[in-house]
Amino acid sequence: MSFGTPHPSHPLILDDVRGAQKMLSGVARVTPMEGSRYLSRLVGSPVHFKCENLQRTGSFKLRGAYVRISGLCPEERAAGVVAASAGNHAQGVALASSLQGVRSTVFMPVGAPLPKVAATREYGAEVRLHGHVVDESLAAAQEYAHDTGAVFIHPFDHRDVIAGQGTVGLEILEQCPEVRTIVVGVGGGGLAAGIAVAVKALRPDVKVIGVQAEAAAAYPPSLAAGHPLGIGTSPTMADGIHVGRPGDVPFAIVQELVDEVRTVTEDQLSSALLLCLERAKLVVEPAGASPVAALLGAPETFDGPVVAVLSGGNVDPLLMQRILRHGMAAAGRYLSLRLRLTDRPGALATLLGVLSVADANVLDVGHVRTDPRLGLTEVEVELHLETKGPEHCDEVAAALREAGYLIRP
């Protein structure tokens with residue numbers, strides 16, 4: 001049985017990443033680089049997206065999983081592999097195992113999105129639903145490894161996995177040799193560590209900036225303490241980087257080579273996802289959009305040209321729907337307000353006429369007639385409107401006030 005944590009006396013080097021790149025030739029796609037005019041204007045320098053959301057299985061995870069499984073000895077291959085994941089790692093391990101003729105078992109939480117469960121099965125893994133959170137699935141996977149001799153494939157805490165993820169960094173330097181800053185999402189740290197190993201060896205002048213969700217940001221306190229710390233996390237839409245403790249192996253690399261780790265809010269994440277969809281026509285999951293969220297949050301603090309790594313695009317359609325609504329609200333695309341009308345025929349039609357002239361789309365109208373604060377002939381109307389952005393919200397409110405309506409707090 002192998003849990004795969006290497007001895008610290010064997011550091012990861014550029015040759016490891018180059019070896020992984022050769023191994024992945026014809027397996028992992030060299031994903032495209034797309035420019036973003038909108039972000040380039042904000043930053044004042046070219047901004048490019050490294051589109052790992054278009055990778056096979058929808059994320060970078062295939063790279064590390066394939067390299068890790070390739071390094072197994074015949075006895076380990078015969079025993080099969082096991083992993084635990086709610087999505088991206090599961091699919092990466094499933095496909096990597098199938099391509100190499102290795103049996104794979106993946107433990108997933110009972111509530112894992114059905115499209116991710118189905119995709120993992122279609123890539124060839126035996127899926128076992130266990131527990132309600134990934135930590136419970138992880139414990140079950142480790143117990144399975146102990147009982148059966150299957151090799152546990154860690155999502156980030158192994159040098160072979162990190163070497164595979166580091167091939168993203170080599171591609172970035174080949175595709176955008178003028179890059180000055182690379183921005184990458186950070187969960188356990190495998191992708192950021194791998195990119196940093198590759199990039200800093202060839203271009204030490206290039207900054208590598210990690211990004212974590214504010215609700216699950218274990219790296220800032222860990223870096224301050226000088227060693228990995230486990231933290232209590234809060235729910236976040238960025239489930240792909242929702243990790244409570246940095247991996248030991250990637251932490252040592254991030255501590256040495258990554259220039260900075262920033263955090264982003266849920267509003268910034270949803271706005272970033274919306275921007276990727278609307279402006280770049282790219283489906284990106286919240287964790288994958290975290291670098292874009294950081295750029296939106298403080299565009300003036302990045303030295304360009306900038307490459308933002310869109311690390312994954314596996315997002316459940318129902319979650320996407322909720323996130324898009326949240327993102328539109330965060331971007332000022334929704335306006336909710338209350339005002340009072342005289343309760344007589346035609347009053348609502350007159351109000352809707354004002355909104356029509358102001359070019360606001362009415363999503364929902366609610367009436368309240370039983371509030372004791374209302375006059376005998378008054379009705380309170382609650383409106384939910386779709387607008388074109390914050391400036392349009394102000395214009396709609398101004399048009400209502402000019403028409404004589406009092407907007408209630």
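Positions are given from 1 along the sequence.
Heavy-atom contacts from other residues, nucleotides or ligands closer than 6.0 Å to CD of Glu402 number 12 or fewer. More than 12 non-hydrogen atoms from other residues, nucleotides or ligands lie less than 6.0 angstrom from CD of Glu386. Remark: His132 NE2 is loosely packed, at most 12 non-hydrogen atoms of other residues, nucleotides or ligands lying under 6.0 Å away. Atom OH of Tyr38 sits in a sparse spot, with 12 or fewer heavy atoms from other residues, nucleotides or ligands closer than 6.0 Å.
In this structure, Ser85 contributes its side chain and Ala90 its backbone to a donor-acceptor pair below 3.5 Å. Of the possible polar contacts, none joining the Asn53 side chain to the Val284 backbone as a donor-acceptor pair under 3.5 Å is found. Under the 3.5 Å distance criterion, the side-chain polar atoms of Gln165 are left unmatched by any main-chain donor or acceptor of Ala192. Proximity of a side-chain donor or acceptor of Gln21 to a complementary backbone N or O of Leu170 within less than 3.5 Å is not detected. Checking side-chain atoms of Glu300 against main-chain N and O of Val43 turns up no donor-acceptor pair under 3.5 Å. Remark: the backbone N or O of Leu352 is not paired with any side-chain donor or acceptor of Ser356 at under 3.5 angstrom. Judged by distance alone, the side chain of Asp16 and the main-chain N or O of Ile13 form a donor-acceptor pair under 3.5 Å. No donor-acceptor pair closer than 3.5 Å links the side chain of Arg128 to the backbone N or O of Met108. Formation of a donor-acceptor pair under 3.5 Å by the Gln268 side chain with backbone atoms of Ser290 is not found in this model. At least one donor-acceptor pair under 3.5 Å links the side chain of Arg56 to the backbone N or O of Val27.
Within the 4.5 Å cutoff, side-chain heavy atoms of Tyr66 are placed close to those of Met23. A heavy-atom distance below 4.5 Å is not found between the side chains of Leu363 and Leu385. At a threshold of 4.5 Å between non-hydrogen side-chain atoms, the residues Val47 and Pro305 do not count as touching. The shortest side-chain heavy-atom distance between Val249 and Phe156 does not fall under the 4.5 Å cut-off. At least one side-chain heavy atom of Phe251 sits under 4.5 Å from a side-chain heavy atom of Tyr219. Gln91 has its side chain out of reach of Lys61: every pair of non-hydrogen atoms, C-beta onward, lies at least 4.5 Å apart. Counting heavy atoms from C-beta outward, Phe49 and Val292 have side chains that approach closer than 4.5 Å. Between Tyr123 and Thr57, the closest side-chain pair of non-hydrogen atoms falls below 4.5 Å.
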side-chain contact (heavy atoms from CB on, under 4.5 Å) between Val168 and Lys50: does it pass, once the steps are laid out?
CA-CA 8 Å; Val168 175; Lys50 175 59 173 168; 4.1 Å; yes

Could you walk me through whether Thr236 and Glu266 pass the side chain to side chain donor-acceptor pair (under 3.5 Å) check?
CA-CA 7 Å; Thr236 173; Glu266 297 298 291; 2.7 Å; yes

Evaluate the criterion salt bridge (Lys or Arg N to Asp or Glu O under 4.0 Å) for residue pair Arg180 and Asp205; output intermediate values, then yes/no.
CA-CA 7 Å; Arg180 293 184 62 191; Asp205 59 302; over 6 Å; no

For Ser336 and Glu382, run side chain to side chain donor-acceptor pair (under 3.5 Å): C-alpha distance rounded to whole Å, both residues' side-chain angles, the deciding distance at 0.1 Å, then the answer.
CA-CA 7 Å; Ser336 296; Glu382 185 173 357; 5.9 Å; no

Under the side-chain contact (heavy atoms from CB on, under 4.5 Å) criterion, do Val186 and Leu191 qualify, and how do the steps go?
CA-CA 7 Å; Val186 177; Leu191 179 60; over 6 Å; no

Glu171 vs Arg63, salt bridge (Lys or Arg N to Asp or Glu O under 4.0 Å): CA-CA, chis, key distance, verdict
CA-CA 13 Å; Glu171 291 177 16; Arg63 298 174 184 262; 2.9 Å; yes

Test His227 against Ser222 for side chain to side chain donor-acceptor pair (under 3.5 Å), laying out the working first.
CA-CA 5 Å; His227 57 85; Ser222 296; over 6 Å; no

Could you go step by step and tell me if His89 and His154 meet the side-chain contact (heavy atoms from CB on, under 4.5 Å) rule?
CA-CA 9 Å; His89 181 57; His154 200 285; over 6 Å; no

Run Val381 and Val365 through side-chain contact (heavy atoms from CB on, under 4.5 Å) and show every step you take.
CA-CA 7 Å; Val381 175; Val365 179; 3.8 Å; yes

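We find the OG1-CG distance between Thr387 and Asn361 to be 10.0 Å, quoted to the nearest 0.5 Å. We find the CZ-CG distance between Arg245 and Leu229 to be 8.0 Å, quoted to the nearest 0.5 Å. Atom CG of Asp364 sits about 8.5 Å away from atom CG of Leu383, to the nearest 0.5 Å. Expressed to the nearest 0.5 Å, how far OG of Ser234 lies from NE2 of His242 amounts to 7.0 Å. Put simply, OG1 on Thr31 and CD on Gln175 are 6.0 Å apart, with the number rounded to the nearest 0.5 Å. The OG1 atom of Thr181 sits 5.5 Å away from atom CD1 of Ile209, with the distance rounded to the nearest 0.5 Å.
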Anything under 3.5 Å between a donor and an acceptor, one on a side chain of residues 275-282, the other on a protein residue two or more places apart or in another chain? List them.
residue: Glu278; atom: OE1; partner: Arg333; partner atom: NH1; Å: 3.2
residue: Glu278; atom: OE2; partner: Arg333; partner atom: NH1; Å: 3.2
residue: Glu278; atom: OE2; partner: Arg333; partner atom: NH2; Å: 3.3
residue: Lys281; atom: NZ; partner: Glu278; partner atom: O; Å: 2.4

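A side-chain contact (heavy atoms from CB on, under 4.5 Å) with Asp267 holds for exactly one of Val264, Thr265, Leu269; it is Thr265.
Annotation: salt bridge (charged side-chain N to carboxylate O under 4.0 Å, His left out) contacts of Arg103 (sequence neighbours excluded): none.
Looking only at atom types and distance, the side chain of Gln100 has a donor-acceptor partner in the side chain of Ser70 under 3.5 Å away.
Because its NZ or CZ atom is both nearer than 6.0 Å to the ring centre of Phe302 and within 45° of the ring axis, Arg262 counts as a cation-pi partner of that residue.
The minimum heavy-atom distance between Pro246 and Pro228, with the atom names listed, is O-CB, 3.8 Å. The two residues Gly80 and Val102 have their closest heavy-atom pair at CA-CG1, 4.1 Å. Leu129 approaches Pro109 most closely through the heavy-atom pair CD2-O, 3.7 Å. Contact record, Pro286 with Ala238: CB-CA, 3.8 Å, taken as the closest heavy-atom pair. Closest approach of Val258 to Ala196, counting heavy atoms only: CG2-CB, 4.0 Å.
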